[in-house]
Amino acid sequence: MSRIALPFLTLPDELVNFSGWMIGPPGEPLSPASDILENWDYEQDIQVNVHVDLDFNEAANLLGIDAADLNLAVVLSAGTGTGSLPRRVDRLATAIIDIERQAATLEAIIPGCTLSGQLQLSLRIVLDAPVDSGSPLSPKLRGARLWQYHKNILIEDGGDSRFPIELASFSESFKARPEQYAPWLVDWSPTTLDADFSGNVRLYVNSDIECVCTRFVEGDALTLQAMVADVMTQLIETALDAENEAELHRYEEGSIGYQARAWMEMSFPGQNLEKIRQMRNFAPGKFKALILATADFREGI
Amino acid sequence: MRVALLPRLKAHGVATILEKLKSETPSPKDSIDQLKEYSALKTSAPSGGTRADTVAIEIAAELRRIAQRAGFPTSNNQAARAQFDQDAALYLGQLKELQTGEALRDDVWAFITTVLAPDIVVWRFTDKNRDRTARFAGGVRNSFQRLWVRGTILDRGESHAHRWELIKQLTEDAMVQIFERASIGGNPPLAIAIAEGWLSTAGKIGRSPMEGVMRSATKILRVKNQIIDLGYLTPEELKELVLNTFETATHTFIKTVEPKHGA
């Protein structure tokens, strides 16, 4: 309920039977919202569903208004943008409850492209009618806030934990260049190991090659494994040119250099820089196979 | 619609570049050079759209052209700065690429401001006080983000005969009262109703007392919004409530000021 003391009678939490926030991708079974919505990005719309019911006669009695006259509005709204108060709030759905309809289910689909950083869901019960009625302490104005509940959900747009990957038409992006026929391409510069990984490394998958595109979209494990292993190999091979271990350890978390070292340690546990270099030079097949084996993430990258 | 994933600059990136700007005047370098120079500080969303560094570059280039038409870099007076604010708000507010969650991100604006167009910021905000960082870092005071919000919210719609009148008529103080209060600026129907209320009241009582009246009106409306869900009201109900509030604020202001006039 509100942190401020409202100058009229309101509805106590015990009276409102709220089923909780159910969210998920549209068309799929929804689940209770947690504090963080993982694996979200702009292409993922979010469906929200809430159900509320109350003992209407008791509510009217508590508000000091005749139950036959009372209309309450249930309002679902969504705010987005970072900060304690969202940068933008929009009303998603409204339903009226009265003596005849004492429950309401509200549902809405929020386009993913409009969201940013967090999703703040609000459910309110406000006075719809009558205006200026009841006892001296009864709510008198349309829109008077009688009960409200909020939920803040951090929506992760990939951040540092999602692999930077994108479908692109190579015949457009690399027109008349030999790479237009490649199934994928890792776009990055080996001279910027200090740079942020997610902003400066990107795996482009060629949407012109239908079978590659389909396998990628469907999340074919072997295809993704081969793609990620290619990225890992390129980064690790560059990192192997470092002067010594200390140079590799100076890269900050989130940087390309840091990611390269992390993958190197995963692929060649317990081995020092010199040993890994020797394997690359004298057993390149094994070197690449170990990276390929490490790239089997299965649960998602 | 695929989202244009714009380059982002985190707070430490802003601090790093501003430190550098202390010892050198920002110059309109080629944006590609700027991107390259600060690539280590740049981030962007890893998925969910198409990486669009070039969109950010084009936005900065157009803002520079708008600034030049207003007098940048040689002429720098209040009229030139106000002209830039108006024209830039109209441009940014209508850009399709900014009609997504990306434009709500502070780090996206921080990148455009700090990396791609610091010279325009220094021209637009000549003061070097503590607010300077806020003009570069993302947020309600960011040099361009504040204009984008105005252009987005105060648009009366394509079919309106005076579509951009609110942006052209409201003073900077009125804009600040609306858009630096999250409970108002983040609520589009309320924000535009208050802007309309300001314009209507200024038409009746003149602009000179509007600063005091606006401050008083927004205070009352913020308290009312705590008690009544103003977003639930119909546009007509909201308009009436806002106009009544401006009337109350005007009377209060005049009562407070009149004795001084009489003295």
Side-chain angles (χ1 to χ4, degrees), chain A residues 2-4 6-8 40-44 73 75 77 79-91 94 112-117 124 126-128 141-145 148 155 157-166 168 187 189 192 194-202 254-255, chain B residues 1-5 7-10 12-13 36 38-51 53 99-108 111 138-140 145 149 152-153 181-183 185-191 223-234 237-238 241:
Chain A
S2 171
R3 283 171 295 174
I4 66 162
L6 294 167
F8 44 73
W40 173 88
D41 67 24
Y42 290 123
E43 293 187 345
Q44 178 67 69
V75 180
S77 65
T80 194
T82 51
S84 53
L85 284 176
R87 292 288 166 86
R88 187 184 170 101
V89 179
D90 291 292
R91 198 185 337 163
T94 305
C113 66
T114 64
L115 294 170
S116 182
R124 290 185 288 279
V126 302
L127 181 72
D128 180 67
L141 298 168
R142 224 169 88 80
R145 294 176 188 261
Q148 51 194 357
I155 50 174
D157 74 342
D160 298 328
S161 60
R162 185 178 290 196
F163 200 89
I165 198 162
E166 183 176 327
D187 180 31
S189 168
T192 56
D194 281 311
D196 176 80
F197 177 83
S198 59
N200 292 275
V201 177
R202 206 160 193 87
S255 67
Chain B
M1 179 184 77
R2 291 215 85 196
V3 173
L5 303 177
R8 301 171 178 177
L9 185 69
K10 304 289 182 205
H12 79 275
K36 208 175 278 179
Y38 295 120
S39 66
L41 299 173
K42 177 173 77 80
T43 65
S44 60
S47 65
T50 305
R51 194 156 77 175
D53 290 359
Q99 289 167 7
T100 71
E102 283 285 84
L104 292 170
R105 295 188 63 97
D106 291 351
D107 49 9
V108 162
F111 190 90
V140 291
Q145 189 171 358
V149 174
T152 307
I153 305 276
R181 310 279 177 271
S183 61
N187 184 337
L190 179 58
V223 172
K224 281 192 175 175
N225 197 32
Q226 295 268 326
I227 297 167
I228 305 163
D229 180 4
L230 297 181
Y232 179 67
L233 304 183
T234 64
E237 288 171 330
L238 185 58
L241 183 139

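Within every chain, numbering begins at 1; the chains are lettered A, B, ... in the order of the sequence lines, protein sequences first and strands thereafter. Note that this is a predicted model, so its numbers are computed, not measured.
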At a 4.5 Å cut-off on heavy atoms, which part of [X] comes close to chain B: side chain, backbone, both, or neither?
X: A/R88; answer: both
X: A/L115; answer: backbone
X: A/T94; answer: side chain
X: A/R91; answer: side chain
X: A/V75; answer: side chain

Could you tell me whether the side chain of [Y] reaches within less than 4.5 Å of the side chain of [X], counting heavy atoms only?
X: B/L190; Y: B/L238; answer: yes
X: B/I227; Y: A/F8; answer: yes
X: A/R142; Y: B/L241; answer: no

Heavy-atom pairs under 4.5 Å with chain A: which of [options] has the most?
options: B/V3, B/D229, B/L104; value: B/D229
options: B/L41, B/T50, B/I153; value: B/T50
options: B/A182, B/G186, B/G139; value: B/G186

_Assess whether a salt bridge exists between B/D106 and B/R8, defined as any Lys/Arg side-chain N lying under 4.0 Å from an Asp/Glu carboxylate O._
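No, no charged N to carboxylate O under 4.0 Å.
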
*Closest heavy-atom contact between A/R202 and B/S47?*
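It is NH2-N, 4.0 Å.
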
*Under a 4.5 Å heavy-atom cut-off, does chain A meet the side chain of B/D107, its backbone, both or neither?*
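For B/D107, neither part sits under 4.5 Å from chain A.
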
*Show your reasoning for whether salt bridge (charged side-chain N to carboxylate O under 4.0 Å, His left out) applies to B/R51 and A/D187.*
CA-CA 12 Å; B/R51 194 156 77 175; A/D187 180 31; 3.0 Å; yes

*Regarding A/Y42 and B/E102, is there a side-chain donor-to-acceptor distance under 3.5 Å anywhere?*
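Side chains of A/Y42 and B/E102: pair found under 3.5 Å.
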
_Choice from A/P7, A/G79, A/G143 maximising heavy atom contacts with chain B below 4.5 Å_ =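 The candidate making the most pairs under 4.5 Å is A/G143.
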
